Structures are given as structure tokens and as C-alpha cells.
Amino acid sequence: MAQLWGGRFTKETDRLAYQFNASIYFDKRFWEKDIEGSLAHAAMLERQGILTEEERDAIVRGLEEIRRDVEDRKLEITDEYEDIHSFVEANLISRIGDAGKKLHTGRSRNDQVALDMRLYVRQEILEIDGLLKALLETLNGLMEEHLETYMPGFTHLQKAQPVTLAHHLGAYFEMFKRDRQRMGDIYRRMNYCPLGAGALAGTTYPLDRFDTAATLGFEGPTLNSMDSVSDRDYVIELLAALSTVMMHLSRFSEEVILWNSNEYGFVEIDDAYSTGSSIMPQKKNPDIAELTRGKTGRVYGSLVSILTTMKGLPLAYNKDMQEDKELTFDAIDTVKSCLTLFNGMIKTMRFHKERMEKSAMNGFTNATDAADYLVGKGVPFRDAHGIIGRMVLYCIDHKKAIDELSLEELKELSPAFEEDIYEAVSLKTCVEKRLTLGAPGVEAMKEVIAFNRKYLAADEEETPKIGDFRPLN
Ligand code: ARG
């Protein structure tokens, strides 16, 4: 048991209590962030005349050695320390002696962990943003390819009106684009430095909080020391945004699973992204999509978990807050792997165009257009709606699609039908006439795709870097 305290204690901590309390098992992933924060703190302490130049140099050298040794696996982060902060500090002291004991001047583990968590979350936001962008690029590419791949659009999971695959995928483009915007919003709001808040009430040392904030790439220092050590809003916001990403992925997964079924047969998932059955040789299962759908639950769980932990906590720091780590790490890891695999899966998926088009033809998806046709011939819409309703019934009885009816059969239903009805209710016409911006008509879709391309290229030039993140719109 290696801990940073003990002066006022006369007894050893109970073994189980120690383990229950320790966080090294999971906060070891902060090791680089902890060193980064300590380097900034030490540099500031020297500039403020709190450390001598020699002391600062020794600390910097010691911390950099630790960084190198952990990287080179010469130094292992073991469970014998209570947390990552103790690990770094104890190692520093054993390397450089007394100067190491001065590093913690004007600092508490409360502001230290608040800093480490922010540094970590901030970096992960950028990584998730990058994965979302990669998915958007895949989607826009598929949209360009499938401008004329017709398929049924559904409401109530019943065939409604024909759309194109480009249009359908475009809906997901918008969702994941909003997810990226949420990443940017959260980043901007959280990018303030809590270091210098101390345990809760700041410190009597003349720290320059603007200095450490700038060194670490923050917009500035936080403005209330009690809030600084007890704020986990950004974690909650992130978990809410990640839950939304998962909800989008899960809806998409559900569709891929349906489309991949024998009944639909719209797509075939590549062998690299599907699995077989140990007993049924014919099976090729959409496991990646199912797992993505399934893992949505645990990310939602992390959000509810942190909200519940924070509810009712008095100011300022409470140990309850240590619970923020594992669930945030798990949610971040889950979302990153789902985004990566989902992207790979749809990139390699084959779309069965004829099957999709046939499905759009068989479900009376052109019934609205047939009604509009009659309106064009002077029939009032309400009457046209009734005529087409009877026509659909007739088609069902006679097992025919609308465009399979003869002109005589049509005239029987309404004398307003003429030869040009066939052209008017063809799938292509139905889609092509829908040209309002955001609709599936090719020209309308092309406009959106060009807009998407510009959106994706624009932030290429300003690829966010820690410290100067400027998300697009
Ligand atoms: N492991 C703690 C956490 O994650 C670090 C802060 C410890 N502070 C304290 N007063 N025990 O929240």
C-alpha cells in the first residue's frame, strides 16, 4: 500500500477498504495527462518564484524520465499505489529526492484529478469527432454512388413512397453531422482549466492560473474553485451525446439487420463483417450490427449512472465522483469501437439494387403519385384519393402492381386516366419529380451532396488540434 497521506493515522488501512478506495486500477490511463499537468504546474511555480530554477529543472527531468520509462515499458504502473497521482509523485521523489516533494505545492488531488479528467475527455472528444467524420465521408461516398438506386421509403414499416438509397443514407448523414456538432459544443464549453482550485478553496500561494491554462491549451482558467473540483457537467453532456450517437448507430444497425434478412435481401454484409453459426451451415449473421444495437444499452446506462451519482452531492469534492471514471472510459471505448466497425461494415456492404427497386414497385409506393396525376387532370384531390384507394383494392384482388393495369381497367376506375399515366407512376418519375431541397430527386440530392462535400473539406483545413478547436457551424 503506497499512499500520499498517513501522518494523522495511527493504524493501517484495512486491506479491503484500501482496495475499495483505490482508483489506480482504472485511472492509470491518465498517466500521460497527469505528467502533462504536473509539468505545466512546475513551470508555473518557478515563474512565480515558488520553485527555484534548479528545482523546476529536476522536476521536469524526473517527470520526463518517468514518461519515457512508462512508454518503453521499463516502468510498470502497478496496483501498489493508491492512484495515478500517487504513482507519479512517489516515482518522482524516488528519482530526484526533495525537489520532488515540492511539486504538489499549491495543488490538491481534487484539482489534479479534475484536470486529468478534462485533459483526457478533451482528447477523446477529438478522436470521436474524427471517427464521426470518417463515417460521414463513407456515407457521402455511398450517396454519390446510389443517386438512382430506388428503394421503398417506409412509414410504420409499411412501404410509403419511393426514395433512393442516397436519400435514405442522407438521413443518417444529418444525424451524425449533428453528433459532430455536439462534440464541438461540449469541447468549447468544457475547455477551461481547473488547476489552481486546490482542494476546494484555492490556495495562499501566488499561482498564475492563466499561465497553466495557456500551457495546457485551455481557453482560460475556471472561475470558481468549488465548482472547479466538483463539476462533472461535461461528463454528463458527453455521455448524453454519446448515447445519442449510439441511438443513431442502433437505428441504422436495425435497418442493416432487416435489409440483410432473407425477406428483404436488400444488402449483403461482407464476410469480413459477419459471422457463421456453429450448427446451421447456411447462416451468415449480422453480428456487428447486432452488437452495436446491443451496446447502446450500456452507454445509456453510463449516462443514468453518472446522473444518479451526482444527484444530491453537496459541494464540493466527494469521493462519489471517482465513480465517473470507469463508466466514462467504458462509454468512450464502446462508442469508438462501434463507430470504427460500423464504418467498416457499411463500406464493404453490397447493395442489391434490383431487389430494392423491385420492392419499391410492389408496395403501391406510387399511389400518391397516381392521385396527383388525377389532380393534374382536373379531378379534386379528395375524389382522386378515393379512386386510387379503390384502385389499390382492385390491384390487391387481381395481384397486380399499379403500372401493370391495362388502360381499360384504369378507365373503368376513372375516365380521366390516359396513356401518360404509365410514365407518371413509374418509379423513376415518382422520385425525379421530388425536387424540393432535401427530397430524393437526383438534382436535389446532388445539391445536398455537394454541400456535404464542402462541409467535409472545409474543416480539413482546420483539423482541430488540442487548444485550437474550431468546429464547423
Ligand atoms: N481518485 C480520486 C478521484 O478519482 C482522486 C481525487 C482524490 N481526492 C481525495 N480527496 N481523495 O476522484
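Note that the structure is a prediction, hence the values are computed from the model and not measured. All ligand and atom numbering here is 1-based and tracks the order in the structure.
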J.: For ligand 1 and Asp83, I'd like to know whether there is a polar contact (N/O to N/O, distance under 3.5 Å).
T.: no

J.: If only side-chain N and O atoms count, and only distance matters, is there a donor-acceptor pair under 3.5 Å linking Glu80 with Thr78?
T.: yes

J.: Given Lys102, which partner from the list Glu55, Glu46, Glu54 fulfils the salt bridge (Lys or Arg N to Asp or Glu O under 4.0 Å) test?
T.: Glu55

J.: Which residue and atom name correspond to the protein heavy atom nearest atom 11 (N) of ligand 1, and how close is it?
T.: Lys319 NZ, 3.8 Å

J.: Does the side chain of Asn91 pick up a donor-acceptor pair with the side chain of Ser94 at under 3.5 Å?
T.: no

J.: Please report which non-hydrogen protein atom sits nearest to atom 1 (N) of ligand 1, along with the residue it belongs to and the distance in Å to one decimal place.
T.: Gln322 OE1, 2.7 Å

J.: For ligand 1, find out whether one of its N or O atoms is nearer than 3.5 Å to an N or O atom of Asn110.
T.: yes

J.: When you compare the side chains of Thr203 and Arg107, does any donor N or O come within less than 3.5 Å of an acceptor on the partner?
T.: no

J.: Side chains of His41 and Gln112: donor-acceptor distance under 3.5 Å anywhere?
T.: no

J.: Among all the protein's non-hydrogen atoms, which is closest to atom 7 (C) of ligand 1, and how far away is it?
T.: Tyr317 OH, 3.8 Å

J.: Who pairs with Phe342 by ring-ring contact (aromatic ring centres under 6.0 Å, His included), at least two apart in sequence or on another chain?
T.: Phe252

J.: One residue to check: Lys325. Relative to ligand 1, which of side chain, backbone, both or neither has a non-hydrogen atom less than 4.0 Å away?
T.: side chain

J.: Should you measure from each heavy atom of Ser23, which atoms of ligand 1 turn up under 4.0 Å away?
T.: 1 (N)

